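Data first, discussion second: the structure below is written as structure tokens.
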Amino acid sequence: MTKVIIAGFKGRMGSTAVDMVKNDNTLELAALVDPFATEKEIDGVPVFNDKADLAGFAADVWVDFTMPSVAYDNTKFALENGFRPVVGTTGFTEAQITELIALSKSKGLGGLIAPNFAIGAILLMEFSQKAAKYFPDVEIIELHHDKKKDAPSGTAVKTAELIKETRTYKKQGAADEVETIAGARGAEFDGMRIHSVRLPGLVAHQEVIFGANGEGLTLRHDSYDRVSFMSGVNIGIKQVMTITELVYGLEHLL
Ligand code: NAP
């Protein structure tokens, strides 16, 4: 039985993860973490306000769906205390990921930081990387609900990083283009553009649009419901038990 801690259990993703863990009889919900929770326990599962109180607690995996501002500290804490992190919270810098990978190796602990747990989104990233080899003109449009705190999304950044590996560098758009309203062309990453849309009613969506002479290619993925992420979280929880370092991206565990 794998014992799972869930940080951010009251949030949209965390509460969906609680249901997923409860419905898998090989997983045990060991503890819940939220700094503002008033409950001391829920259905026999202890609730912690301060993660420091979990030092020495018996659990295997730390699932994190919290906020970009705390996810790095939480992941570091998990590794330092022997919990294998499975982190969906976005907003990590490259330097933080590198540091956490090094820490996981020194502890011999598996872990996962995944900007997107939906299998379709993993495929979208893979297909985008392949297409970018032939279509260097590409723009990414990510669309999310209007409570999302970071922009661009972790998935958009990861997609751009993967595209960069196969695309021949090109500064997108006209050489003499001018923005008459700042930000009109979106964020720049290695010469390509990333646009972030925030609207109520959306969950998590992304389009990668390629253009060439006389043709276009649009790849799109839609998460209509947060349950779309849960098979990936489930795989992550099980797979981190079998590896000895943290990986960035669910594709490494599929
Ligand atoms: P959310 O509904 O705002 O949930 C975040 C929860 O974390 C809130 O209940 C918040 O409490 C709580 N929290 C804040 N600080 C905390 C701390 N120090 N320890 C424990 N809990 C804490 O957000 P969400 O929509 O679930 O998204 C959570 C994260 O997952 C975001 O970064 C989002 O981008 C990411 N995400 C990832 C994927 C993926 O596939 N990887 C998919 C969707 C979303 P308060 O509200 O009281 O502050």
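Numbering of ligands and ligand atoms starts at 1, following listing order. All residue numbers refer to positions in the sequence shown, counting from 1. These values consider heavy atoms only, across backbone and side chains, with no hydrogens, waters or symmetry-generated copies. Keep in mind that what you see is a predicted model, and the values were worked out from it rather than measured.
Residue contacts with ligand 1, taken as heavy atom pairs separated by less than 4.0 Å, involve A114 solely via the backbone atoms N, CA, C and O. Residue F36 touches ligand 1 through its side chain alone, judged by heavy-atom distances below 4.0 Å. Residue contacts with ligand 1, taken as heavy atom pairs separated by less than 4.0 Å, involve T66 via backbone and side-chain atoms alike. Neither the backbone nor the side chain of S223 comes within contact range of ligand 1; no heavy atom lies under 4.0 Å.
The protein non-hydrogen atom at the shortest distance from atom 39 (C) of ligand 1 is P115 O, 3.5 Å. Protein heavy atom in closest approach to atom 4 (O) of ligand 1: G11 CA, 3.2 Å. Nearest protein neighbour of atom 10 (C) of ligand 1, counting heavy atoms only, is D34 OD2, 4.4 Å. For atom 44 (C) of ligand 1, the nearest protein heavy atom (residue, atom name, distance) is M13 CG, 3.5 Å. For atom 23 (O) of ligand 1, the closest non-hydrogen atom on the protein side is R12 NH2, 3.5 Å. Atom 16 (C) of ligand 1 has its closest protein heavy atom at P35 CD, 3.5 Å. Of all protein heavy atoms, the one closest to atom 35 (C) of ligand 1 is G88 O, 3.5 Å. At the top of the distance list for atom 30 (O) of ligand 1, counting protein heavy atoms only, stands F65 CD2, 3.6 Å.
More than 12 heavy atoms of other residues, nucleotides or ligands sit less than 6.0 Å from atom NZ of K10. The number of heavy atoms from other shown groups lying within 6.0 Å of OH (Y224) does not exceed 12. Other residues, nucleotides and ligands contribute only 12 or fewer heavy atoms inside 6.0 Å of the CD atom of E94.
For ligand 1 and V70, the ligand atoms under 4.0 Å from any heavy atom of the residue are 17 (C), 18 (N). For ligand 1, the atoms sitting less than 4.0 Å from at least one non-hydrogen atom of N116 are 39 (C), 40 (O), 41 (N), numbered in the order shown with element in parentheses. Atom numbering of ligand 1 starts at 1 in the shown order; those under 4.0 Å from a heavy atom of M67 are 14 (C), 15 (N).
Between K158 and E251 there is a salt bridge, since a side-chain N of the basic residue sits under 4.0 Å from a carboxylate O of the acidic one. A salt bridge does not link K148 to D146: none of the charged side-chain nitrogens sits closer than 4.0 Å to a carboxylate oxygen. A salt bridge links R185 to E139: at least one charged side-chain nitrogen sits closer than 4.0 Å to a carboxylate oxygen. Taking 4.0 Å as the cut-off between side-chain N and carboxylate O, K22 and D43 count as a salt-bridged pair. Under the 4.0 Å criterion applied to side-chain N and carboxylate O atoms, R167 and D137 are not assigned as salt-bridge partners.
Pairing each heavy atom of V157 with each of P152, the nearest pair is CG2-CG, 3.8 Å.
A cation-pi contact, defined as under 6.0 Å to the ring centre and within 45° of the axis, is absent between K130 and F135.
Residues D34 and F48 are not in side-chain contact: their nearest non-hydrogen atoms beyond the backbone lie 4.5 Å or more apart.
Taking distance alone, with nitrogen or oxygen atoms compared against 3.5 Å, F117 approaches ligand 1 more closely than that limit. Looking at ligand 1, you'll find an N or O of K148 within less than 3.5 Å of one of its N or O atoms. Checked by distance only, ligand 1 and T90 come closer than 3.5 Å through their nitrogen or oxygen atoms.
Atom 46 (O) of ligand 1 is not flagged as protein-proximal [any protein heavy atom, distance under 4.0 Å].
If you chain together hydrophobic residues whose side chains sit under 4.5 Å apart, F9 and V86 fall into the same group.
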